[in-house]
Student: 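Sharing a structure with you now.
Quantities reported herein were computed from a predicted structural model and do not represent experimental measurements. Only heavy atoms go into these numbers, but all of them, side chains included; no hydrogens, no water, no symmetry mates.
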Amino acid sequence: MKILNLSFFSALCLFLASCGSTKNIPYLVDAEQLPDKQLKETAMIYEAKIMPKDILTVTVNTTVPEAAVPFNLPLAPANSGAINTTQLSYGAGLQNYIVDNAGNIEFPVLGTLHVAGLTRVQVQNLIKSKIYPQFLKEEPVINVRFQNYKISVLGEVARPGSFTATNEQCTLFDALAMAGDLTIYGKRENVMLIREYADGSKGVYRINLQDKDLVLNPQIYYLQQNDVLIVEPNKTKARASSIGSSETFTISIVSTLISVATLIITATR
C-alpha cells in the first residue's frame, strides 16, 4: 500500500510541475495589450550601420558596361593571366571590400572612403556623388550589400550555430527561428545578448523574451551583425545534467520496481 501511495504521489508531483511550467513557455506575454500609440511611436525601419571588419560587395552599373569597369574590381579567371574586360560577365564575380579598423575601404579611382557608421544606402549615395558627374556622364546605379551579416545563437536551441541574414535585418525572433527555436529547457526570461561595437568595446544584455515591452525597444529587438545570443538551460535541465549514468540507471530500476509492485498489489486484491 505504501508503494502504491508513493507511486501516486510521484505522478501527482509530475503533473503539478508540468501544469505550473507552462507559464514559462510563451513569448511576449500579453503583447496584444500594447497600445497602438506606443507601437506607432517606436515604429522604425531598421538599417544596419557598417562597422570595421564588415565585408561589402559594391557594384557600379551603367547602360554602357565598359564605362563602369574602372569602378569595379572583377576577379580574373583562374585559367587566365590578364583580364579581358570585354569577356567579363558584367556585375558577376566582383571582389569584396573589407572595412579596415579605421572604418575605411579603398575604392577604385576614388581612393580611400570612410564608410563606418553609414548605412549601405548612404554609402551608395556617397559613391554616386563622387562618380557622377565628375567621371561619368550617365548617373550610375550603385548597389552595396553586406556579405557577412552574421548572427550566432548558442545554448538551449534546436540548431545552435552561426546564421547569415540575407537582407541586413534580423530580429531576435528571426535569429531564434533560424536556430530552430528554444528547446523546452531554454530560459525564456533570461537570454544573454553579447554585442560588439564599432570601437571594439562589448556590451552584455539580459533579455526577457516573455516581456511584451521588448517590441518597444528597437536597439535590442533588432540584432546587429556579429551579435551573439546565448540561451541558458532552466533548472530542470540543470538538475538532469547533474545526474550521472549510474543514478539514471538506479532511478529507472526503482521506477520499474514500483510499477511492477503496483500491478501485483492491484492483481491480488
Student: Mind checking what makes salt bridge (Lys or Arg N to Asp or Glu O under 4.0 Å) contact with Lys49, not counting sequence neighbours?
Tutor: none
Student: Who clusters with Ile98? Use side-chain heavy atoms, under 4.5 angstrom, across I, L, V, M, F, W and Y, and order the result by chain and number.
Tutor: Ile55
Student: Excluding sequence neighbours, so at least two apart, what forms ring pair (Phe, Tyr, Trp, His ring centres under 6.0 Å) with Tyr46?
Tutor: Tyr222
Student: Which pairs count as salt bridge (charged side-chain N to carboxylate O under 4.0 Å, His left out) when at least one residue sits in residues 96-112, sequence neighbours excluded?
Tutor: none
Student: How is the hydrophobic cluster of Ile45 composed, in terms of its other members, when Ile, Leu, Val, Met, Phe, Trp and Tyr link through side-chain heavy atoms under 4.5 Å apart, directly or indirectly?
Tutor: none
Student: Linking Ile, Leu, Val, Met, Phe, Trp and Tyr by side-chain heavy atoms under 4.5 Å, what else ends up with Val228?
Tutor: Leu154, Met192, Ile194, Val204, Ile230
Student: I'd like to check the side-chain hydrogen bond (donor to acceptor under 3.5 Å, both in side chains) partners of Lys53; sequence neighbours left out, ordered by chain and number.
Tutor: Asn101
Student: In a table with atom names and distances, give each donor-acceptor pair under 3.5 Å that connects a side chain of residues 28-43 to protein atoms at least two apart or in another chain.
Tutor:
unit_1: Thr42; atom_1: OG1; unit_2: Gln38; atom_2: O; d: 3.0
unit_1: Thr42; atom_1: OG1; unit_2: Leu39; atom_2: O; d: 3.3

Student: Only counting residues at least two apart or in another chain, list the ones meeting side-chain hydrogen bond (donor to acceptor under 3.5 Å, both in side chains) with Tyr221.
Tutor: none
Student: For Asp174, what residues pass the side-chain hydrogen bond (donor to acceptor under 3.5 Å, both in side chains) criterion, not counting sequence neighbours?
Tutor: Thr171
Student: My understanding is that only residues two or more places apart in sequence, or in another chain, count here; which of them pass side-chain hydrogen bond (donor to acceptor under 3.5 Å, both in side chains) with Gln124?
Tutor: Arg120
Student: My understanding is that only residues two or more places apart in sequence, or in another chain, count here; which of them pass side chain to side chain contact (heavy atoms under 4.5 Å, CB included) with Asp227?
Tutor: Ile151, Leu193, Arg195, Leu223, Gln224
